[in-house]
Amino acid sequence: MELDNIRREYNKGNLNESDVKPKPIDQFSLWMKDAIQFVPDDPTAMILSTVSLSGMPSSRIVLLKDFNTEGFTFFTNYGSRKGQEIFSNPNASILFYWKELERQIRIEGLVLKTDSEVSTNYFDSRPFESRIAADVSKQSSEIKNREELDESFVKLKEYYDKRPIVRPVNWGGYILKPDYFEFWQGRENRMHDRIIYVLENDLWEIKRLAP
């Protein structure tokens, strides 16, 4: 395969310091609204990157479920690889990429568990089958085969058919509390716009980076 000639120009917008909001969460909200309007599939998908104690990074896509001035919330199995890495090293980053808008947002910060009530409320709002799956899956652990997983799903679904499903203790929410944002807008000739917000002395400083 010849990959070196795969390229395109970026010409759908620009980003200037004078145009962005003073607070990064407000700028994020504007871009998220655009993504929900113009990105047909998974506009809330984000790449979550964590790092192990040995310094090995790993990334995967999760879905953003809430955001506010406190941070960015997602849910997962606490025993998964990302959960174990967050436990040992709570520094992480999330990345949104919307090719339809030629935009990226990179956010870095500290990840903490949400309150138990937040996790339970969200778990109870999920579709029945999704709650079953959260209970069945020992995420990131090795399993014998697909059939074993499917059989466990069917059995647990039958068990909970007439019983309330209680949120598993190893499943719940995390919130990333940001101290760094980068808003990236693709530009022609690879002269991209990169505006960053850095938290310094509890105030957000706005700066531009070279592309």
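Since we're looking at a predicted model, the values are computed, not measured.
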Q: By salt bridge (charged side-chain N to carboxylate O under 4.0 Å, His left out), which residues pair with Glu158, not counting sequence neighbours?
A: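 Checked Glu158 against salt bridge (charged side-chain N to carboxylate O under 4.0 Å, His left out); zero matches.
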Q: Check for me whether the distance between the ring centres of Tyr10 and Trp184 falls short of 6.0 Å.
A: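 Yes, the ring of Tyr10 comes within the 6.0 Å limit of the ring of Trp184, centre to centre.
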Q: Can you tell me which residue pairs pass the salt bridge (charged side-chain N to carboxylate O under 4.0 Å, His left out) test with a partner in residues 20-32, sequence neighbours excluded?
A: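 Counting only pairs at least two positions apart or across chains, no salt bridge (charged side-chain N to carboxylate O under 4.0 Å, His left out) contact touches residues 20-32.
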Q: Please list all pairs meeting salt bridge (charged side-chain N to carboxylate O under 4.0 Å, His left out) that have one or both residues in residues 161-174, counting only residues at least two apart or in different chains.
A: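 Of all non-adjacent pairs touching residues 161-174, none passes salt bridge (charged side-chain N to carboxylate O under 4.0 Å, His left out).
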Q: Without placing hydrogens or testing angles, list every side-chain donor-acceptor pair under 3.5 Å for residues 170-178, not counting sequence neighbours.
A:
unit_1: Lys177; atom_1: NZ; unit_2: Glu70; atom_2: OE1; d: 3.2

Q: Please name all residues satisfying salt bridge (charged side-chain N to carboxylate O under 4.0 Å, His left out) with Lys33, sequence neighbours left out, ordered by chain then number.
A: none
Q: Distance-only criterion, 3.5 Å: show the donor-acceptor pairs between side-chain atoms of residues 86-94 and protein atoms not counting sequence neighbours.
A:
unit_1: Ser88; atom_1: OG; unit_2: Gln84; atom_2: O; d: 3.3
unit_1: Ser88; atom_1: OG; unit_2: Glu85; atom_2: O; d: 3.2
unit_1: Asn89; atom_1: OD1; unit_2: Asn91; atom_2: N; d: 3.2
unit_1: Asn89; atom_1: OD1; unit_2: Asn91; atom_2: ND2; d: 3.2

Q: Sequence neighbours excluded, which residues qualify as salt bridge (charged side-chain N to carboxylate O under 4.0 Å, His left out) partners of Arg208?
A: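 Salt bridge (charged side-chain N to carboxylate O under 4.0 Å, His left out) list for Arg208, sorted by chain: Glu17, Asp193.
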Q: Could you tell me which non-hydrogen atom of Tyr122 sits nearest to which non-hydrogen atom of Ser125, and how far apart they are?
A: O-OG, 2.7 Å
Q: Does Lys65 qualify as a cation-pi partner of Phe75, given the criterion of NZ or CZ under 6.0 Å from the six-membered ring centre and within 45 degrees of its axis?
A: no
Q: Name all residues meeting the ring pair (Phe, Tyr, Trp, His ring centres under 6.0 Å) criterion together with Trp204; count only those two or more places apart in sequence or in a different chain, and write none if there are none.
A: Phe181
Q: With the 4.5 Å side-chain cut-off for hydrophobic clustering, are Phe183 and Met191 part of the same group?
A: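 Different hydrophobic clusters.
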Q: Other members of the hydrophobic cluster containing Val198, with the 4.5 Å side-chain heavy-atom rule, please.
A: Tyr180, Ile196, Leu209
Q: Are side-chain N/O atoms of Thr50 and Arg60 paired as donor and acceptor at under 3.5 Å?
A: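 Note: Thr50 and Arg60 side chains meet the donor-acceptor criterion.
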Q: Pairs in or reaching into residues 114-137: which pass salt bridge (charged side-chain N to carboxylate O under 4.0 Å, His left out), with residues at least two apart or in two chains?
A: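 Checked against salt bridge (charged side-chain N to carboxylate O under 4.0 Å, His left out) - neighbours excluded - the pairs reaching residues 114-137 are Glu129-Lys157.
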Q: Which pairs pass salt bridge (charged side-chain N to carboxylate O under 4.0 Å, His left out) with one or both residues in residues 89-103, sequence neighbours excluded?
A: Arg8-Glu102, Asp34-Arg103
Q: Please list, chain by chain and in numerical order, all residues satisfying salt bridge (charged side-chain N to carboxylate O under 4.0 Å, His left out) with Arg146, sequence neighbours excluded.
A: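 By the salt bridge (charged side-chain N to carboxylate O under 4.0 Å, His left out) rule, Arg146 matches Asp150.
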